[in-house]
Amino acid sequence: MKIAILSQDASLYSTRRLAEAGKEQGHQMRVIPYLRCYMNITSSKPSIIFNGNPLENFDAIIPRIGASRTFYGTAVVRQFEVMNVFSANESQAISRSRDKLRCLQILAREGVGLPVTGFAHATQDIDGLIETVGGAPLVIKLLEGTQGIGVVLAETYQAAKSVIEAFRGLDANILVQEYIKEAGGADLRCFVIGNEVVAAMKRQGVKGEFRSNLHRGGEAEKIKLSIEERTTAIKAATAMGLNVAGVDLLRSNHGPVVMEVNSSPGLQGIEKATKVDVAGKIIEYVVQNASKTDDTKELIKY
Ligand code: ADP
Ligand code: MG
């Protein structure tokens, strides 16, 4: 098969591993920096042009769209969809996952366990907002944050109030969330492909840090999930419409709760911690499902 990895940087671990794994399985792999593509949007012959040449005859794409490049990145993915090329994750699902609030609303609708969460922009009713999640201590998050930046633990009511006021002054959208203290500064990253959790790790924040992000110095180790955790992760990915997803769970005393669902989950941390060939499994999934689309095309044709 001919597979494109949409990534701005061919030297990134995840991009390299996907390219390697694809080659090992006998496929033709190409890394395409999607920001450098342009598109011809016509119904007769929709195309994507890169370096002056149309990108043709691809069987599948694996989008690795950066969080700050969602708009253009998903447009390129959508254009491949218009051209009937199978995508590991659909453009629509990628967009959906990039909005933390939308993500939580979709999961809530599907009955997935979540931390109690409030959402606000410029409310005057700070007391009411704090009460919604059961008072302090609580976690306050900037809607647009990643890698733990913009996630604050407010231990007291006063601290919560001043942080909310400060964020309101910045004209920001904020999430206010029940603090899952019993998680002990750790979360679980479940790597979902199709209907399966193929690898899982526990990330533990450094001492005294409630955020477990590896970017904040957290450490990861392989972990065995409970059946409930496994089911929750799969249900979350399915609800988001993602075939490949990193689902982050917290172990709360009311069962596993989902914090976020990532549509371009990194491979380095999880492969290192679990020794699972996650890249290889992504390729297998893509190959299997891209050929399924081919079959349906045949059916339509005849
Ligand atoms: P980001 O997108 O920046 O990674 P997260 O929502 O994942 O933001 O939060 C970062 C980290 O903070 C999480 O990995 C988790 O360890 C911790 N955390 C976030 N929300 C809560 C919460 N409600 N209770 C306890 N810990 C939390
Ligand atoms: Mg996170």
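Quick note: residue numbers are just sequence positions, from 1. In each ligand, atom 1 is the first atom listed, and ligand 1 is the first ligand listed.
Between the side chain of S291 and the main chain of V287, a donor-acceptor pair closer than 3.5 Å is present.
Given atom 21 (C) of ligand 1, the protein heavy atom at minimum distance is L250 CD1, 3.8 Å. Shortest contact from atom 9 (O) of ligand 1 to any protein heavy atom: V151 CG2, 3.8 Å. Counting only heavy atoms of the protein, atom 15 (C) of ligand 1 lies nearest to M259 SD, 3.7 Å. In terms of protein heavy-atom proximity, atom 7 (O) of ligand 1 is closest to E260 OE2, 2.8 Å. Of the protein's non-hydrogen atoms, the one nearest atom 4 (O) of ligand 1 is N213 ND2, 2.9 Å. With respect to atom 23 (N) of ligand 1, the closest heavy atom belonging to the protein is E178 O, 2.8 Å. Atom 17 (C) of ligand 1 has F210 O, 3.6 Å as its closest protein atom, hydrogens excluded (heavy atom only). G148 N, 2.6 Å is the protein heavy atom nearest to atom 3 (O) of ligand 1.
When heavy-atom distances to ligand 1 are checked against a 4.0 Å cut-off, R211 comes that close through both its backbone and its side chain. Heavy atoms of L153 found under 4.0 angstrom from ligand 1: none, in either backbone or side chain.
Residue contact annotation: R216 has no non-hydrogen atom under 4.0 Å from ligand 1.
In the candidate list K181, K100, E209, K100 is nearest to atom 8 (O) of ligand 1, counting heavy atoms.
Side-chain contact between Y285 and V198: absent, with no pair of heavy atoms (C-beta onward) separated by less than 4.5 Å. Proximity of I61 to F86: side-chain heavy atoms (C-beta onward) are nowhere separated by under 4.5 Å. Inter-residue side-chain proximity for R98 and S264 is flagged as met; some heavy-atom pair is nearer than 4.5 Å. The closest side-chain heavy-atom distance from K222 to M201 is not below 4.5 Å.
Within the listing of ligand 1, atoms 14 (O) sit less than 4.0 angstrom from a heavy atom of D187.
Residue contact annotation: E260 places an N/O/S atom under 2.8 Å from the Mg ion (ligand 2).
Checked against a 3.5 angstrom limit, the closest N/O atoms of S212 and ligand 1 fall inside it. Below 3.5 Å of separation, one finds no N or O of Y179 facing any N or O of ligand 1. For ligand 1, the polar-atom distance check finds an N/O of K141 within less than 3.5 Å of one of the ligand's N/O atoms. Ligand 1 has an N or O atom lying under 3.5 Å from an N or O atom of I180, backbone or side chain.
A salt bridge links E20 and R17; the closest N-O separation between the charged side-chain nitrogens and carboxylate oxygens is under 4.0 Å. Ion pairing between a basic and an acidic side chain is recognised when a charged N comes within 4.0 Å of a carboxylate O; E90 and R96 show no such pairing. Looking at D187 and R203, a side-chain N of the basic residue comes within less than 4.0 Å of a carboxylate O on the acidic one, giving a salt bridge. Here R251 pairs with E229 in a salt bridge; the nearest charged N to carboxylate O distance falls below 4.0 Å.
Other residues sharing the hydrophobic cluster of V133, ordered by chain and number and joined by side-chain separations under 4.5 Å: V116, I126, L129, I130, L138, I140, L142, V152, Y157, V163, I164, F167, L170, I174, V176. Grouping Ile, Leu, Val, Met, Phe, Trp and Tyr residues whose side-chain heavy atoms lie under 4.5 Å apart, directly or via other members, places I106 in a hydrophobic cluster with L101, L104, L107, V112, L114, F119, L143, L175, L188, V192, V197, I223, L225, I234, M240, L242, V247, L249, V258, V261.
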